[in-house]
Amino acid sequence: MAELNVNQLLLLNNLKYLNWITNASINISLKKLLTCILVLAIILLNGCSKVHHYTMDEKKEIVLKYLEDKYEEEFEGVSYAPSEILKLHDEFWVYPKNGSKENDLFVVTGYYLKKLKKYEMHDAFFGILIHDKYFEYVNNLALTIIDEFYLSVDTKSNNPC
């Protein structure tokens, strides 16, 4: 094997030193990145734990009170579907106590607003209230255009998405 002269030895030594510095820089950068990710995850997860989570019974009471205050009548709950990964709102199926469970059933959707710190709701009871008049209006309108037809009117759905 050929002997290395002094200049070649110095160059080889400098390359090893440069390689060590580069690896150390990458390791330091990787450590900084991982530390930042960890701190960010801790902050985000801690923020999520401050959200108020209502129980099913609390949500049901909130929904029934909301409807009673809004329409000045009492309602009965039939079923409850909690929010899920792809459905970010709760669904409550209710009907007015003085109405029919079969004909007057409608949905109330609810979800928690973190920024306002309150449970927000939307209901489809208005569709129950206007159904007969709306059916009559659309039927009379259609009669001016066509003699025979089948008419179906759905004013009960309430899909916020």
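Heavy atoms only: backbone and side chains are in, while hydrogens, waters and symmetry mates are out.
Using a 4.5 Å heavy-atom threshold, the side chains of N140 and E136 count as touching. The closest side-chain heavy-atom distance from E91 to Y80 is not below 4.5 Å. A 4.5 Å side-chain heavy-atom check between M121 and T109 finds every atom pair outside the cut-off. Side-chain contact between L64 and E74 is absent, with no heavy-atom pair separated by less than 4.5 Å.
Residues forming a salt bridge (charged side-chain N to carboxylate O under 4.0 Å, His left out) with K70 (at least two apart in sequence, or on another chain): D123. Shown here are the ring pair (Phe, Tyr, Trp, His ring centres under 6.0 Å) partners of F75, two or more places apart in sequence or in another chain: F106, F125. For E76, the salt bridge (charged side-chain N to carboxylate O under 4.0 Å, His left out) partners are K97, not counting sequence neighbours. Applying the side chain to side chain donor-acceptor pair (under 3.5 Å) criterion to E61, with sequence neighbours excluded, gives no partner residue. K65 is linked by a side chain to side chain donor-acceptor pair (under 3.5 Å) to D69, counting only residues two or more places apart in sequence or in another chain. Contacts of K59 classified as salt bridge (charged side-chain N to carboxylate O under 4.0 Å, His left out), with partners at least two apart in sequence or in another chain: D90.
Heavy-atom minimum distance, P96 versus E73: CB-OE1, 3.4 Å. Of all heavy-atom pairs spanning V94 and L67, the tightest one is CG2-CD1, 3.7 Å. In terms of heavy-atom proximity, H131 sits nearest to V153 at NE2-O, 3.1 Å. Listed here is the closest heavy atom pair of L151 and F135: O-CE1, 3.5 Å.
Both Y54 and Y66 belong to a single network of hydrophobic side chains, linked directly or stepwise wherever heavy atoms of I, L, V, M, F, W or Y lie under 4.5 Å apart. Residues F92 and L129 share a single hydrophobic cluster, defined by chaining ILVMFWY side chains whose heavy atoms lie under 4.5 Å apart. Put simply, I145 and Y134 are part of two different groups of oily side chains (I, L, V, M, F, W, Y) that touch within less than 4.5 Å, one to the next.
If you look at Y119 and Y112, their ring centroids are not closer than 6.0 Å.
Note on K118 versus E120: salt bridge recorded, some NZ/NE/NH1/NH2 to OD/OE distance being below 4.0 Å.
Interatomic distance, Y95 OH to L105 CG, rounded to the nearest 0.5 Å: 9.0 Å.
Listed for the H89 side chain is no donor-acceptor partner under 3.5 Å among the backbone atoms of V108.
For the residue pair H122 and Y111, a side-chain donor N or O sits within less than 3.5 Å of a side-chain acceptor on the partner.
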